[in-house]
Amino acid sequence: MYKTIQLFGIAENTNTSFHQRVKDIIKRIPQGKVATYGLIATYAGNPRAARQVAWVLHSSPRKDKLPWHRVINSKRSISLKPNCGYEIQKQLLEKEGVKFGKHDNIDFDRYLWCPY
DNA sequence: AACCTGACTTCGG
DNA sequence: TCCGAAGCCAGGT
């Protein structure tokens with residue numbers, strides 16, 4: 001179905017759904033690092049499915065034990081709105097050592113997850 | 001089936 | 001650098 005890139009022995013598994021691969025990949029994000037929706041979508045095999053990644057997170061982060069807080073948008077900031085999880089996510093990241101700069105941005109050079 | 005909506009991204013002005 | 005529009009895809013109504 002989707003053409004996928006070779007990554008950790010996960011993304012190349014075309015037998016699993018995009019949805020499932022996204023979850024597998026998110027679980028691989030190490031503590032103290034972050035990834036963007038688009039990046040994850042790309043690793044999962046569909047570069048244009050960033051919104052679906054968001055959907056996956058919205059569905060079952062608790063049940064699947066996903067480190068949902070390590071997923072942010074391409075503008076280097078948290079997508080959640082204040083009083084709707086923003087503070088919680090920021091707190092979780094700071095606890096892992098992620099520092100926020102001006103405008104609550106995260107420095108990709110330091111914290112972006114680079115699997116290669 | 002049509003239409004709306006979203007924890008997105010990219011590009012042009 | 002900063003919006004706004006357009007593109008994108010899937011699930012909900």
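Within every chain, numbering begins at 1; the chains are lettered A, B, ... in the order of the sequence lines, protein sequences first and strands thereafter.
- Separating the CG atom of A:Leu80 from the P atom of B:dC8 is a distance of 8 Å, rounded to the nearest angstrom.
- Distance, A:Asn46 CG to C:dC9 P: 6 Å, rounded to whole Å.
- A distance of 9.5 Å separates CG of A:Leu112 from CD1 of A:Ile29, quoted to the nearest 0.5 Å.
- Nearest heavy-atom pair across A:Trp113 and A:Ala35 is CE3-CB, 4.1 Å.
- Between the OH atom of A:Tyr43 and the P atom of B:dC8 there is a distance of 19 Å, given to the nearest Å.
- If A:Trp55 and A:Asn73 are placed on DNA chain B by their nearest nucleotide, the residue sitting closer to the 5' end is A:Trp55.
- Nearest to the side chain of A:Trp68, among B:dA7, C:dC8, B:dT10, sits B:dA7.
- Put simply, the side chain of A:Tyr37 and the base of B:dA7 share a donor and an acceptor less than 3.5 Å apart.
- Atom pair A:Arg21:CZ and C:dC9:P shows a separation of 14 Å (rounding to whole Å applied).
- Counting only distance, with no hydrogens or angles, the side chain of A:Asp107 and the backbone of A:Asp109 share a donor-acceptor pair below 3.5 Å.
- The distance between atom CD of A:Gln52 and atom C1' of C:dG11, rounded to the nearest whole Å, is 9 Å.
- Contact record, A:Arg70 with A:Gln31: NH1-CA, 3.2 Å, taken as the closest heavy-atom pair.
- Remark: C1' of C:dG7 and CZ of A:Arg51 are 9 Å apart, rounded to the nearest angstrom.
- Under 4.0 angstrom from either OP1 or OP2 of B:dT9 there lies at least one side-chain N or O belonging to A:Ser74.
- The NE2 atom of A:His19 sits 18 Å away from the P atom of C:dC9 (whole-angstrom rounding).
- In this entry the distance linking CG of A:Asp104 with P of B:dA7 reads 19 Å, nearest Å.
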